[in-house]
Each structure stands twice: as structure tokens, then as C-alpha cells.
Amino acid sequence: MALNSAGGPIDPETADNNEEMEKQFAVKVVEHMSTYWAILEKLPGSKLRLTKYDDEILEHFNKDFPDFDLKATIDEDEMKSKEGKERWRNFINQYEKKVGDFNFGTMIRANPAWEYGEKETIFVVRMQFYAIEIARNRAGLNDWIYEKNNAGKSS
């Protein structure tokens with residue numbers, strides 16, 4: 001929870017756009033991206049668990065988004081359309097009391113075949129990241145990162 005200069009919680013409805021807060025937020029987002037990428041370089045995504053609820057999240061994601069093409073580039077306009085937001089909101093809010101920082105902003109690669117980059121990422125909330133990345137990992141779509149990082153290294 002963000003705190004104001006007096007140490008109390010910041011009300012997001014009345015808070016001014018604080019440049020320092022934006023910088024801190026950006027640092028957190030970049031740290032999350034860097035950490036996740038470093039993990040994928042050291043461990044195949046197919047062997048990675050992101051939360052203790054991975055199985056439940058995956059099952060729920062597959063049920064609520066049966067047509068989501070994990071190999072395709074995410075259509076950000078569709079995801080953030082009125083209908084898309086409503087579908088995701090219903091999904092995300094079910095994790096409010098289960099997953100810490102469930103609605104904290106983060107970045108996701110728009111396509112699992114791409115590395116993180118300015119034009120290759122989409123701003124999402126943590127539960128969208130978890131749902132999509134757990135599904136990508138289980139499908140083996142992120143294993144290339146580990147393979148690329150470990151090519152030519154002896155075991």
C-alpha cells in the first residue's frame with residue numbers, strides 16, 4: 001500500500017499525480033520483468049510455478065478464456081475493450097483475497113516468442129500476468145528462453 005508523507009495510506013481517488021510515486025512504480029514494474037526473465041533463463045517455464053494457486057488459475061483461465069490463443073500476439077485493444085475489461089475484471093476479482101498484489105500493475109510480453117521490449121510489452125494487472133504466463137509456461141512456450149540462455153553450456 002502506498003503511503004503519504006505523513007505515513008498514512010494514499011487515497012487513489014484524491015491523490016495528485018505524484019512524479020516520485022510514478023518513478024517508484026516504474027522501478028517495481030522493471031524489477032518484476034527483470035526477475036521473471038532471469039528465472040526463465042535459469043529454469044524452463046514448463047517446470048516453473050508462479051503461485052501456490054497455479055493449477056486453479058490455469059483451470060479458471062481455460063474455462064473463462066477458452067479461445068485465448070497462447071501462441072498469438074495479444075490483441076491489446078480487444079483485451080482493453082469494454083467487453084474485454086469486464087471479462088478480465090470478473091476473472092481477476094475472484095483472487096482478491098487469495099493472491100497478494102492481484103491487481104498491481106505489471107508488464108507482459110504481447111507474444112511468448114518475443115523478449116521484453118518497449119514495443120513488445122503490454123501493461124496488465126498481476127492476475128492477467130499470472131493467468132497468461134502460467135498457461136504459456138504449461139504449454140512450454142517460454143522454454144525457449146532457458147534453452148537459448150543455456151545453449152552450448154555443459155551440464
Side-chain angles (χ1 to χ4, degrees), residues 1-2 10-13 15 17 21-151 153:
M1 173 180 291
I10 294 174
D11 180 353
E13 301 301 322
N17 216 356
M21 191 184 309
E22 286 181 14
K23 287 179 186 174
Q24 290 173 4
F25 176 75
V27 167
K28 287 274 189 205
V29 169
V30 170
E31 284 175 354
H32 181 258
M33 285 187 330
S34 300
T35 300
Y36 184 58
W37 191 261
I39 291 169
L40 289 173
E41 287 180 326
K42 291 176 179 42
L43 184 72
S46 56
K47 296 185 173 161
L48 181 62
R49 289 190 67 83
L50 297 180
T51 76
K52 63 182 178 180
Y53 302 107
D54 281 14
D55 295 336
E56 177 185 333
I57 292 168
L58 180 63
E59 185 178 325
H60 184 193
F61 175 69
N62 288 336
K63 180 175 75 68
D64 283 16
F65 299 92
D67 298 328
F68 194 97
D69 185 349
L70 295 170
K71 293 180 181 178
T73 300
I74 295 170
D75 182 339
E76 186 174 9
D77 293 333
E78 181 183 320
M79 180 184 250
K80 295 183 178 181
S81 69
K82 185 176 179 184
E83 179 187 315
K85 284 181 180 180
E86 186 63 27
R87 285 180 74 194
W88 277 107
R89 187 178 305 111
N90 292 333
F91 177 88
I92 292 162
N93 287 338
Q94 293 185 40
Y95 296 92
E96 182 176 6
K97 293 186 177 15
K98 277 188 174 180
V99 177
D101 292 334
F102 77 105
N103 64 351
F104 191 82
T106 194
M107 301 297 279
I108 191 167
R109 292 169 297 132
N111 186 301
W114 300 344
E115 294 188 24
Y116 279 108
E118 186 179 337
K119 292 178 174 51
E120 294 79 22
T121 53
I122 299 173
F123 183 79
V124 297
V125 297
R126 186 73 46 100
M127 279 311 305
Q128 289 172 303
F129 171 86
Y130 282 148
I132 295 167
E133 286 299 317
I134 289 167
R136 286 174 172 175
N137 285 338
R138 294 284 175 91
L141 297 177
N142 287 330
D143 286 357
W144 69 270
I145 300 163
Y146 171 82
E147 291 161 4
K148 178 182 174 188
N149 188 58
N150 292 283
K153 293 182 181 176

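Everything numeric here is computed off the predicted structure, so don't read it as measured data. These numbers come from the heavy atoms of this one structure, side chains and all, not from hydrogens, waters or symmetry mates.
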Would you call Tyr146 and Glu41 a side-chain contact if the rule is heavy atoms closer than 4.5 Å?
no

Can you tell me how far the CZ atom of Arg126 sits from the CD1 atom of Ile108, to the nearest 0.5 Å?
11.5 Å

Just how far is it from atom CE of Met127 to atom OG1 of Thr51, taken to the nearest 0.5 Å?
7.0 Å

If we only count heavy atoms from C-beta on, is the Asp64 to Asn90 side-chain gap below 4.5 Å?
no

For atom NZ of Lys85, decide whether the heavy atoms of other residues, nucleotides or ligands shown that lie under 6.0 angstrom number more than 12.
no

Do you know the tightest heavy-atom contact between Met79 and Val124?
SD-CG1, 4.0 Å

Set out, in order, the CA-CA distance, both residues' side-chain angles and the distance that settles salt bridge (charged side-chain N to carboxylate O under 4.0 Å, His left out) for Arg49 and Asp55, then state yes or no.
CA-CA 9 Å; Arg49 289 190 67 83; Asp55 295 336; 3.7 Å; yes

Do Ser46 and Asn137 get their side chains close enough for a donor-acceptor pair, meaning under 3.5 Å?
no

If we only count heavy atoms from C-beta on, is the Phe65 to Trp88 side-chain gap below 4.5 Å?
yes

Any donor-acceptor pair under 3.5 Å from Arg109 side chain to Trp114 backbone:
yes

Restricting to non-hydrogen atoms, name the atom on Trp144 and the atom on Pro112 that form the minimum distance, rounded to 0.1 Å.
NE1-O, 2.7 Å

Are Tyr130 and Asp54 side-chain neighbours, meaning at least one heavy-atom pair lies under 4.5 Å?
no

Can you check side-chain contact (heavy atoms from CB on, under 4.5 Å) on Asn93 and Asn103, steps first, answer last?
CA-CA 8 Å; Asn93 287 338; Asn103 64 351; over 6 Å; no

Taking the six-membered ring where the residue is Trp, are the ring centres of Phe104 and His32 under 6.0 Å apart?
no

Would you call Lys80 and Asp75 a salt bridge, taking side-chain N to carboxylate O under 4.0 Å as the test?
no

State, yes or no, whether a side-chain contact exists between Glu96 and Phe102 at a heavy-atom distance under 4.5 Å.
yes

Let me confirm one number: the CD-CD distance from Glu120 to Glu118, rounded to the nearest 0.5 Å.
8.5 Å

Within the 4.5 Å heavy-atom criterion, are Lys148 and Glu115 side-chain neighbours or not?
yes

Of all the heavy-atom pairs spanning Leu58 and Arg138, show the shortest one and how long it is.
CD2-NH1, 3.6 Å

Glu83 atom CD, over 12 foreign heavy atoms within 6.0 Å:
no

Between CD1 on residue Ile134 and CZ on residue Phe61, distance to nearest 0.5 Å
10.0 Å

Side-chain contact, heavy-atom cut-off 4.5 Å: Ile57 with Tyr95?
yes

So, Asn142 and Glu133: side-chain donor and acceptor under 3.5 Å apart, yes or no?
yes

Where Leu48 and Tyr36 come nearest, the two heavy atoms and their spacing
CD2-CE1, 4.0 Å

Mind running side-chain contact (heavy atoms from CB on, under 4.5 Å) on Ile74 and Phe68 for me, showing each step along the way?
CA-CA 9 Å; Ile74 295 170; Phe68 194 97; 3.9 Å; yes

Where is the tightest heavy-atom contact between Leu70 and Ala139, given as atom of each residue plus distance?
CD1-CB, 4.2 Å

Please round to the nearest 0.5 Å and tell me the distance separating atom OG1 of Thr121 and atom CE of Met107.
3.0 Å

Reported CG-to-CG distance for the pair Leu43 and Asn150, which is rounded to 0.5 angstrom
10.0 Å

Do Ile92 and Val125 make a side-chain contact, defined as non-hydrogen atoms from C-beta onward lying under 4.5 Å apart?
yes

